[in-house]
Amino acid sequence: MSDKIDNSSSHSNHLSGKKRKASDGNGSNGYKKRKISNEDEEESIITNTKDSIKMSGRYNYEEDDEDSNIKWKTLEHHGVRFPPFYTPHGIAPLHKGKPLILNPVQEEIATFWAQALGTDFTEKETVRNNFEEEFLAVLDKEMGVKSLNNIDFDPIVKHIEKTREERNNRPREEKKREREENAKLDAHFRYCIIDGEKERVNTVMVEPPGIFRGRGEHPHAGKLKSRILPENVTVNVGLDNMIPKCDVPGHAWKAVVNNPEATWLGQFKDEGREKAGTKYLFLAPDSKIKSKNDIMKYGKAKKLKENIEKIRADYMRRMVSKSMQEAQLGTATYLIDKLALRVGNEKSEDEADTVGCCSLRVEHITIEKDNKITLDFLGKDSMRFHQTIEVHPLAHKAIERFVKGKKPEEDLFHLINASRLNEYLKELMPQLSAKVFRTYNASITLQNELAKYEEKPRDDVEKKVKFYKNANREVAILCNHQKAVPKNFDEQLKRLEDKLKEKKKKLKELQTHKKNLAKDSSISKPKMPKTSNACDTAIKKAKKAMETEEYKVSEKIENKNIALSTSKINYMDPRISVTWCKNNEVPIEKVFEKTLRMKFAWAMSEDLEWKF
DNA sequence: GACGTGACTTAGGATCAGTCAG
DNA sequence: CTGACTGATCCTAAGTCACGTC
């Protein structure tokens, strides 16, 4: 196979596979399907229909107009990687004390379970029931297994532990070699050529089989994810580009399509799981396409900023409308704006019960006195939102009106939904949708917080970075970005606090020593400065060390369950950070790690005067 | 409108790799 | 040299939103 993509950015016309030939015929449902004459195999090439397909298979790119959906003209890549097939270990679990001999398919599934054992996950009733149902279904009837509880997976667990140990204990060299080999394989799939440019691909491997782990109380947690084979995978390739070779022997892609209206290189679906959606393999965040989308996203948020007064006035007006539906639109928009809530699309019974603004139920809200309300619900990823907030008196009144006479399980905003709300937002500003408020509010919060910084000449970079992180934290809190408290948080904190105590003690000692020295300059103590001047220097240093520790402790506490990274990656316009850093002489790498600097390369050279 | 779904962004946790103190 | 810690990267679930269909 050609390695052109791997090691050069030059155009490759020699990617593996066969060059596609001209097309014929029309197909169905959104794609145009064509057969290619070919000696030994049939390949169907599917081309996106919509408008362009009118032109019998070739796009006339010159005619692309502004609002065309075409995302690229040429796209060439090596397809997708598959995880290795399962190698049976032959260890039998015990069924009622007797070895249960499994075939490789059964054994693989038993091993998934054994791998998960020992965690809370496998103790959940839903998980056990789902897994039991699926596992028993693949066992042979004659085995007579009636319950998961009758199977002892311990032999497999032991085996897994042993192999893990062995793998860990391999010589350093061998591990390194394996890593390098893997990196090489990865590199083969890691890049594509899109519109003549070499770009990184974000994900190159399809998901391995295993046990589905939903978040929160997911009704399907514990079900099986089946092995994805090339027959489940569709690849998207430029019409005149090489078709990636399917290098799993004896297998072939489900389809090869030419869909320049989409940016994915590959997509796959676990046909065994009805409710599972299509998964995609996309480009990396530093790619042109992703960057362009990001720029547009922040552009929209900035536009919202310019119109925010007008928009707020509008939804406040609606909030008091006689029409209940209008009032709900206004109030929901108010909450989305004020609390940075997500819009809240409807969800099915087959998902965890989480909500956003439009799907809030009466049971999620408590009306308090003094214009306050308490919101308590599970949002995306089953993250809890629990806050008591003072709202505008009119909002308070409106909410009282919506709640009246409803049962706890009824919708707070029963006359609207996410798409109705977004429709309304479109009237206010073209392209406006609910999520733009989150981007806007995150960005404006960061900017306002950072603007509070008045440089004290003596502030060093460390202090400035601390200030930045505090601003970042405000945004994370606004967006309710949380993380699990680390398992041994208390120990870790204690260790830090001990260290701080030590530094404090050290400082005290130095200070007393200095006083003593002043009384009697002949005093000499081991490891202590000899002169008053030397004391001053040492004290200064010790103070600094103490402050650093102090900061570590407070950061640890303040970030206990707050995730700063999500807002950095997705919400705060990077130009705010870039310009603040430049204006305050903070090296950008102190606040943006390497991947962020790559993702936001487009923002790195922004003018000092730029404002969100 | 309700509903399904395609394509994309957003999300937290797991894992990996490098670092640092003991 | 080792084990704990940390930051970066990987993984994939879970949202949003537009669009087509009925």
Side-chain angles (χ1 to χ4, degrees), chain A residues 29-31 48-50 69 71 83 119 121 172 175-176 179 182 186 202-208 210 212-216 218 220-221 225 234 236 259 261-264 267 269-270 275-285 289-290 293-294 296-297 336 341-348 351-352 354-359 378-383 415-423 425-426 431-439 442 476 479-484 486-488 491-492 495-496 499 552 556 559 561-571 592-596 598:
Chain A
N29 57 2
Y31 287 135
N48 200 319
T49 20
K50 286 270 195 64
N69 289 321
K71 308 275 172 51
T119 61
F121 179 69
R172 195 171 276 241
K175 285 190 202 162
K176 197 181 162 203
R179 261 208 309 279
N182 187 47
D186 183 86
N202 200 34
T203 317
V204 298
M205 185 119 72
V206 300
E207 289 169 22
F212 172 71
R213 312 179 74 108
R215 309 207 179 123
H218 194 119
H220 289 182
K225 291 172 53 149
T234 301
N236 192 15
N259 182 1
E261 295 192 358
T263 67
W264 50 268
Q267 64 167 211
K269 186 167 158 42
D270 182 349
K275 297 292 166 190
T278 312
K279 307 274 190 153
Y280 298 86
L281 306 174
F282 289 115
L283 292 169
I289 283 182
K290 293 287 186 196
N293 290 351
D294 254 9
M296 275 164 32
K297 173 178 78 182
I336 284 171
L341 300 186
R342 296 183 187 82
V343 68
N345 284 295
E346 283 107 310
K347 297 187 76 182
S348 85
E351 296 167 278
T354 64
V355 298
C357 186
C358 292
S359 44
L378 297 182
K380 182 176 180 181
D381 291 309
S382 294
M383 289 292 125
L415 294 172
I416 61 167
N417 59 27
S419 45
R420 180 65 195 93
L421 191 134
N422 276 331
E423 245 170 59
L425 296 181
K426 293 275 170 311
Q431 311 220 53
L432 184 61
S433 67
K435 78 200 262 285
V436 183
F437 281 91
R438 262 167 89 81
T439 316
C479 295
N480 200 37
H481 290 144
Q482 297 181 242
K483 67 170 187 216
K487 267 183 232 103
N488 37 11
E491 282 168 49
Q492 290 174 2
R495 232 167 283 162
L496 282 179
K499 232 169 164 184
K552 275 192 193 162
K556 184 94 191 165
N559 287 347
N561 63 340
I562 313 272
L564 300 190
S565 59
T566 310
S567 49
K568 244 187 197 178
I569 296 169
N570 299 301
Y571 286 106
F592 278 2
E593 51 278 22
K594 197 182 92 201
T595 34
L596 271 183
M598 275 160 52

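To find a chain, count down the sequence lines: A is the first, B the second, and so on, and within it residues start at 1. Because only heavy atoms are used, hydrogens play no part in the values below, and waters and symmetry mates are left out as well, while side chains stay in.
- Rounded to whole angstrom, the span from the CD atom of Glu346(A) across to the C1' atom of dT16(C) amounts to 13 Å.
- Judged by distance alone, with hydrogens and angles left aside, the side-chain atoms of Lys568(A) form no donor-acceptor pair with the main-chain N or O of Phe592(A) at under 3.5 Å.
- The backbone N or O of Glu261(A) sits less than 3.5 Å from a side-chain atom of Lys71(A), completing a donor-acceptor pair.
- Remark: Thr203(A) is not in phosphate contact with dT12(C), judged by side-chain N or O atoms under 4.0 Å from OP1 or OP2.
- Residue Ser419(A) places none of its side-chain N or O atoms closer than 4.0 Å to OP1 or OP2 of dC17(C).
- Residue Leu341(A) comes nearest to Arg438(A) through the heavy atom pair O-CD, 4.1 Å, listed as atom of the first residue, atom of the second, then distance.
- No hydrogens or angles were tested; on distance alone, nothing pairs the side chain of Lys297(A) with the base of dT9(B) as donor and acceptor under 3.5 Å.
- For dG6(B), the OP1/OP2 oxygens have no side-chain nitrogen or oxygen of Gln267(A) closer than 4.0 Å.
- Closest approach to the Asp381(A) side chain among dA11(B), dT12(C), dA7(B) is made by dA11(B) (side chain taken as heavy atoms from C-beta onward).
- Heavy-atom minimum distance, Val343(A) versus Leu421(A): CG2-CD2, 4.2 Å.
- Considering only side-chain N and O atoms, Ser433(A) lies under 4.0 angstrom from the phosphate OP1 or OP2 of dC17(C).
- Across all strands shown, Ala352(A) has no heavy atoms under 4.0 Å from either base or sugar-phosphate atoms.
- Within the nucleic acid shown, Pro486(A) has no heavy atom closer than 4.0 Å to any nucleic acid atom.
- Across the interface with DNA chain C, nearest-nucleotide mapping of Gly216(A) and Met205(A) shows Met205(A) to be the residue nearer the 5′ end.
- Judged by distance alone, the side chain of Asn236(A) and the main-chain N or O of Trp264(A) form a donor-acceptor pair under 3.5 Å.
- Glu261(A) places its CD atom 10 Å from the P atom of dA7(B), with the value rounded to the nearest Å.
- Nucleic acid contact for Arg420(A): none, since no nucleic acid atom lies under 4.0 Å from a heavy atom of the residue.
- Heavy atoms of Gly344(A) sit under 4.0 angstrom from primed sugar atoms or phosphate atoms, though from no base atom.
- An OP1 or OP2 oxygen of dT16(C) is reached within less than 4.0 angstrom by no side-chain nitrogen or oxygen of Asn422(A).
- Among the heavy atoms of the strands lying under 4.0 Å from Lys426(A) are primed sugar atoms or P, OP1, OP2 only; no base atom is included.
- Residue Lys435(A) has its side chain nearest to dT9(B) when only dT12(C), dA7(B), dT9(B) are considered.
- Within 4.0 Å (heavy atoms only), Gly379(A) reaches sugar-phosphate atoms of the nucleic acid but no base atom.
- A straight line from CH2 of Trp264(A) to P of dT9(B) spans 15 Å, rounded to a whole angstrom.
- Residue contacts for Asn345(A): at a heavy-atom cut-off of 4.0 Å it reaches a base atom on one of the strands shown.
- For Lys483(A), no side-chain nitrogen or oxygen approaches OP1 or OP2 of dA11(B) to under 4.0 Å.
- For the pair Arg342(A) CZ and dT16(C) C1', the interatomic distance rounds to 10 Å; values are reported in whole Å.
- For Lys556(A), whose side chain is taken as the heavy atoms from C-beta onward, the closest listed nucleotide among dC8(B), dT10(B), dT6(C) is dT6(C).
- Checking Arg179(A) against Ala484(A), the closest nucleotide of DNA chain B that is more toward the 5' end is the one next to Ala484(A).
- For the pair His218(A) and dA14(C), the criterion of a side-chain N or O lying under 4.0 Å from OP1 or OP2 is met.
- Within 4.0 Å (heavy atoms only), Asn293(A) reaches sugar-phosphate atoms of the nucleic acid but no base atom.
- Where Asp186(A) and Ser382(A) meet DNA chain C, the nucleotide closest to each residue was compared, and Asp186(A) sits on the side nearer the 5' end.
- A 4.5 Å side-chain heavy-atom check between Cys358(A) and Asn345(A) finds every atom pair outside the cut-off.
- When rounded to the nearest whole Å, the span between OH of Tyr280(A) and P of dA13(C) equals 15 Å.
- Note on ring orientation: taking the six-membered ring where Trp is involved, the planes of Tyr280(A) and Phe282(A) are parallel (angle under 30°, cut-offs 30° and 60°).
- Atom CG in Leu281(A) sits about 16 Å away from atom C1' in dT9(B), given to the nearest Å.
- Between Asn570(A) atom CG and dG15(C) atom C1' the separation is 12 Å, expressed in whole Å.
- Spacing between atom CE of Met383(A) and atom P of dG15(C) amounts to 10 Å, rounded to whole angstrom units.
- Close to dC8(B), at under 4.0 Å from its OP1 or OP2, lies a side-chain N or O of Lys71(A).
- Contact annotation for Tyr571(A): backbone-only contact, meaning every heavy-atom pair under 4.0 Å involves sugar-phosphate atoms and none involves a base.
- Considering only side-chain N and O atoms, Thr278(A) lies under 4.0 angstrom from the phosphate OP1 or OP2 of dG6(B).
- Lys275(A) comes within 4.0 angstrom of no nucleic acid atom, judged by non-hydrogen atoms across all strands.
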